[in-house]
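Everything below concerns the one structure shown next.
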Amino acid sequence: MADRVYIDADVLILGGGTAGCLAAWEARQVGGDDLKIVIVEKAFIRHSGSLSAGMNALNMYINQGTPEDYVSYVRYDICGAPIREDIVLSVAREVNDTVSILEAAGLPMKKKEDGRYLNRGKWNIEVNGSLLKPITASKAYEAKAEIYNRVYITELIIKDNVCVGAVGFGVRDGKFYICRGKVTLLCTGGAAGLWRPNNRRDAHHRIWYFPFNCGSSYAMCKRAGAEMTSFDMRLVPVRTKDTFSPTGTLAIGMGAPMVNALGDSFMEKDPYYLSWGGHTAPTPIRMLAFQRETLAHRSPIYMDTTRGDSAKVIGLKGQYLDMSPSIVLYWGCNDHDPSREPIELDGGDPHLVGAHAGMSGAWTRDISRETTVDRLYVSGDALGAAPSRFISGSWTCGRIAARHMVKALKDNSYQLLEINPDTLDDMENRTYGPMRRFEEKSPEGVWTDGTLSGGVSPKDMESRMQKIMDEYCGGRTHWYFVNETYLSIARKHIKRMRNDQLQYLCARDLHDLQLAWDVINRLDVCQLVIEHISFRKETRFPGYVNRTDYPETNPDYDCFINSRWDAETDEVKCFKVPYQQLVPGDRRKQSI
Amino acid sequence: MPPKVDPTKCDGCQGEKEPLCEQVCPGNLMTMHKESLKAIIREPGDCWDCMTCTKACPRQAIQTVLQYQLAYFPGKLIPMVGTNSVTWTSIDCNGKVERFVMKTLVSGDDEDED
């Protein structure tokens, strides 16, 4: 048995990221000095997660118009598909207030002569966000949250559909952490690394999304029996080739158009793309256009920085240093001057995100952020059906969740719940399973390279999963195309990995144990993705998921696809949930 | 783009419970080599290139080097972290040097300068 650490909290926050830190801060504001707020983080909160490299813009800010106009834009940007307008609206109403809080915390904002924030396009504002994460974390410190760094949460503790807390292991100390909360917020990010990445070997993590976000939010919610939503809507990034750096800086910041090998600005020529707005067409449509041009042998595809605003090219390197410094080094090493040569693009491995141009996550009740499991809340990328909240919206979502959590805690006088000792023993066994198996199997035989003859490493299991997803669930090598036959093969293999192969998963040390849980979580999310895509018998997000057997949009699927996992049968049961339009207007058009 | 550690500069952050790069790495990749007592990356391919370790190293012992499959030798990008700014020095493959000073934090002290 491992040494145990018991932590009790009023408000338990799992994941000290964008949403988690601001949730802690807000909980202190509304909950008062006596509230015990705990954050459990798998890395170190000053530098962890998606913000670790910095960010040069906040993509959600109401520069103009109203919160309703923002909802209209978000809806349009995913091709008019259903979104939770109530949630997006709630964020849009207070996102500006949140940004001012972060500015006061030291975030350098770029400003215009009149003192207003410098906008980038309609909804973005530019920042010097190289220290975005430490500044975000400072709000959690300011709130005097009790912070546990380097603790990897493996499972939620659920009793009769109520969340009691969570367990995990210390990445450094190896101890078994048992955390209880009167209310629990799960915000451990989205999922990268399900599909095989473009770069191989020593560059395999050179991907757009943060590679250490393994979908644990989704996997833990799923295993807890929570209702999940929109795993049929993954994000496929078109980014700078090789480095997969963000392209908003080029497209929105300097108006650089996408062009093909012939120099044609195809978004402005093809009537279909023009019908969607041309250059600024919805994110999936721009992805689709990239794919079509490539498959029509008019690649390579570029973002033409030579045609953009030349004054802005000068500032380009600085902007990337605030967010994705690797591309500046890449240009230097490859003798590339973006003012003289266009920047080549590529399509990367799909990611699942709730807060960017994707909307996978847990389904929540009204705008409380409470999942269908009582006392379990989600925010950031873990929150489903509400895309385009980005960083500023995720901060805001953390705040809103915290307010609802503190209110529920006080209104209902929630108390900590007891946990059956046998349940804890079982959870401990599962948590350390891969490492204990390594010890058990070592005497059975070790090859000369140090690998076990009777086990499989987390890395090997990850490679197998990524190959299956890439080849049978619409990865990059298959240009994101799927059909029912492919999906049935993916289903068969992922099922076999989850039900038969995990018994061989062995971890040699605590770092390896982290990787083992990453792959366990990713496999759980793969199952959700396959079942959701299979259930949506249409193509609603062309460019993201291209169904060759159902290439058109079908009005019967103008709804959310939600699901619940049945632990007894290991089936993911999908069902339709109706969409509610709150902001009137044509869903395929922006209001401003 | 794995971080490479210069053994003549790295002292394993003597006196700290663990080296600073190990404390800050979001991927739990930096660790202390048991024999040399200097920092090393467990698995170079697992790095996301956030450069947090490179910026955090108190002895500038870490250099972020692009994978050769992506970029030619020898370019360099070196951050020098100040209180409210970071100064980046880019030396491209032809030896051309560019410097960028990027603001990182607005503190009470420097508001007057704005």
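Letters go in sequence order (proteins before strands), and every chain restarts at 1. All figures in this text were calculated on a predicted structure; none of them were measured in a lab.
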With a 4.5 Å cut-off on heavy-atom pairs, point out which of B/Val24, B/Leu70, B/Asn28 contacts chain A the most. B/Asn28

Examine whether an atom of B/Asn94 lies under 4.5 Å from a heavy atom of chain A, and if so say whether it belongs to the side chain, the backbone or both; otherwise answer neither. side chain

Partner chain A: residue of B/Ser90, B/Pro74, B/Cys25 with the largest heavy-atom pair count (under 4.5 Å): B/Cys25

If you count the non-hydrogen atoms of other residues, nucleotides and ligands that lie under 6.0 Å from NZ in A/Lys112, is the total more than 12? yes

Does any backbone or side-chain atom of B/Glu22 lie under 4.5 Å from a heavy atom of chain A? Answer side chain, backbone, both or neither. both

Looking at A/Asp242, A/Leu321, A/Val171, A/Leu131, which makes the most heavy-atom pairs under 4.5 Å with chain B? A/Leu321

Within 6.0 angstrom of A/Arg200 CZ, more than 12 heavy atoms from elsewhere: yes

Contact class of A/Asp322 relative to chain B, heavy atoms under 4.5 angstrom: side chain

Mark yes or no for whether B/Thr89, through its side chain, and B/Arg99, through its backbone, hold a donor-acceptor pair below 3.5 Å. no

Is A/Arg150 salt-bridged to A/Glu41, cutoff N-O under 4.0 Å? no

Under a 4.5 Å heavy-atom cut-off, does chain B meet the side chain of A/Tyr209, its backbone, both or neither? backbone

Take a 6.0 Å sphere around NZ of A/Lys110 and say whether it holds more than 12 heavy atoms from other residues, nucleotides or ligands. yes

Side chain, backbone, both or neither: which part of B/Lys55 has a heavy atom under 4.5 Å from chain A? side chain

Do NZ/NE/NH1/NH2 and the carboxylate oxygens of B/Arg59 and B/Asp11 come within less than 4.0 Å? yes

Which atoms of A/Arg46 are under 4.5 Å from chain B, going by heavy atoms: the side chain, the backbone, both sets, or neither? neither

Let me know if B/Phe100 has heavy atoms under 4.5 Å from chain A in its side chain, its backbone, both or neither. side chain

Is the closest basic N to carboxylate O distance between B/Asp46 and A/Lys459 below 4.0 Å? yes

Select one option (side chain, backbone, both, neither) describing which atoms of B/Thr104 are under 4.5 Å from chain A's heavy atoms. both

Tell me whether the rings of A/Trp331 and A/Tyr320 are parallel (<30°), tilted (30 to 60°) or perpendicular (>60°). perpendicular

